[in-house]
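Here's the structure, in structure tokens; my notes come after.
Note that these values count all heavy atoms, side chains included, but never hydrogens, waters or copies made by symmetry. Each chain gets a letter, A, B and so on, in the order the sequences are listed, and its residues count up from 1.
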Amino acid sequence: MTRPSRGPAVLVVDDQPRTASLLSRLLDEVRILEIGPGRLHATSWREAEPIVRSERGPDLVVLDLRFEIPDEELLPDRQPLGDSPAARRERRDRRDRQGLFILERLRRLDPDLPVVLTTAHEEIPFEEDALRLRADAFTYTVGDEETTGEGLARLVTRILAERHQPLSTGRFFWGRTPALRELRRRIAALAPTPLPLLLSGPTGSGKNHLVREVIHPLSGRKGPLVAFDCATVPETLLQAALFGVVKGAYTGAVADRPGVFEAAAGGTLFLDEIENLTQDAQKALLLALNDGVFRRVGATADTPHTTRIVAASNADLGRLAVDGTLRADLLMRLNPALALRLPPLVERLDDLPDLADEVAGRFFANPVHRREIAAQVRAAGAGEPDAGDAFALVTDEESLARRRERVLFFLPRKAWQAVRKHPWPGNVRQFEMVLTDLLSAALYGRGSASLDRKGRVLFSLDPRLLFDLLREARGTARAAEEALVLPKPKTGSVEEYRRELERSALRLLFREAKGDFERMAEIMTGSAADHRAVRLRFNRLGLSAKAER
Amino acid sequence: MSTEERRGRRRAAALRLKHDLGKYVRFAAPARREADVGALRARLRADLLETRRSGGAARSAVDVFREWESEERGLFDADDADLETLARAVSRLEELLPTLSGLEERRLVELDELSLEIARRCRSLVLRSSK
């Protein structure tokens, strides 16, 4: 049989040949790695290790648990054991668990290489081994349906497909980090259900794109996706905007008007910044979630709804539930235990190269930019570009030497290192904006395209511009943190508003003084001796130094 | 040997049997029994006559069970229902397998049913030994 020379590679580690032989027959698009001429399975760690370490190592390992092999091949020490009763027990124990010893060595070399252990989880001999495996996100055990060769082949196919999924779905960028892979798996399971979903993640982490490009399409719901930002509507109009209004309900309600709940009938309602809902709106939302009904403002009867809720926030909702800003029962109803967390970009630095390629790819695909690139290529004397010419972004000098594309956008390594070190407070969105600005400046700026010795057209991305953009980004984030936030009126009472204003001011001062009450007193009154009064007022307003830190 | 030790060794022995016999007697089996007699015969040969290999030599399901029986049977009750059923199933394999090449379809189906029963009993033995 002709084996594919490309495609994912699987290493089978098993003392028996049948697993490799059967998988080789059942998996057309997969390469079962050869250990030696005509041999498709490694019978020990000694045989498996060089394959795992090799440059073209496996994409997945199928690993048996029990190995009937000589003492000299048995981990942990590959020593003869002798023939005493104790030695025989030791031999049996090592053989029964040999797969786990091999797995441990594998994990030292490659912590996230997928491994299929061909045994059921409840059949792991020792409890501590079983517990350790539960915590290993990249080791899979077989279920009842996967004990045969066909079942195992299906499992291997599924895992390889998960690992080789595209890095983006539409405008949402997944990348390769374990956290996002796990998120993808969870969303695949949760999106098709009718359960309300809660997304958390800092601003710019992609919540909007995730709902639009992934969750709503995967839900299979026939109705539309309606997005509603709870922070953009004045509180007095929030309930009407959400649930609609009947004619005459209040002055100005001159006609019946549906709200976004009805607009999203049969589909998905995405409620962003949910922490900005008023208490009344929260109560109405809870009713909608619990009883499947809503009521237009001014209506006398409930109406059933068919809307699925996806809520999002970048606030600490748990804390808001504790201080009463968010109803605890509403939070519980949104299934915080199933909350889908989007990490900040700084937790995904390994994804930056792929993300840069995605952003650059979108830039190059824009017909306006392509026309300008073509014009610059001609102007540089490199001839007429082909319609199918690929362009690339390169971020280090060694890669630049190796790349064969005719048109390259180049950012020096030192500049790329600054990109990696930046805290990216605006996360993926900010990264996309900065890189797009750099690419635009390189393309449309004068004199940035040049012809190199290999006849390639190089556009140089300006490191100084990058540093300016990064500095500006940092300053904007700091300014946003330091701005006095005018509280939104909630109760309509002047006294309450004044109290909220004072809280905001004291929190800002606390941050500026880095939590030092003497320093705060100095700023406020000119004398550090007033620190006790400051602290007392701080506490009386319901603020906590510990929480603010 | 303490009760706890005995229970541990029984579980280990049950796991070993399930791994060596219960898994491999059904390893090449498709979700639905083959309609083609030739394919069914070939699969039964692989699963029941070449169940495991040791030093390059093939061992049948009968060999695998008999070896396990000689080493581990004593850990279990003499009248253990799963093991008694297993023993009967393996004895029937022993009668039929020598003439596998010429067996008619109904005997092949019987072998297939026996392999299912063997796999089920191995699973049951593990479950009971884990309690």
Decide side-chain hydrogen bond (donor to acceptor under 3.5 Å, both in side chains) for B:D63 and B:S60; before the verdict, give the C-alpha distance in whole Å, the side-chain angles of both, and the deciding distance to 0.1 Å. CA-CA 5 Å; B:D63 296 333; B:S60 70; 3.3 Å; yes

If I measure from the heavy atoms of chain A, does B:A46 come under 4.5 Å with its side chain, its backbone, both, or neither? both

Part of A:T119 within contact of chain B (heavy atom distance under 4.5 Å): neither

Establish, from distance only, whether the side-chain atoms of B:D82 and B:S124 form a donor-acceptor pair under 3.5 Å. yes

Are A:T118 and B:K23 linked by a side-chain donor-acceptor pair shorter than 3.5 Å? yes

What residue in B:A119, B:P30, B:S54, B:A12 has the most heavy-atom pairs under 4.5 Å with chain A? B:P30

Greatest number of non-hydrogen atom pairs under 4.5 angstrom with chain A, of B:E50, B:R11, B:R26, falls to B:R11

Heavy-atom distances under 4.5 Å only: say whether A:E123 touches chain B with side chain, backbone, both or neither. both

Part of B:D20 lying under 4.5 Å from any heavy atom of chain A: side chain

For B:D112, the option from B:R41, B:R32, B:R43 that meets salt bridge (Lys or Arg N to Asp or Glu O under 4.0 Å): B:R43

Decide whether B:H19 and A:D64 meet the rule of one side-chain donor and one side-chain acceptor closer than 3.5 Å. yes

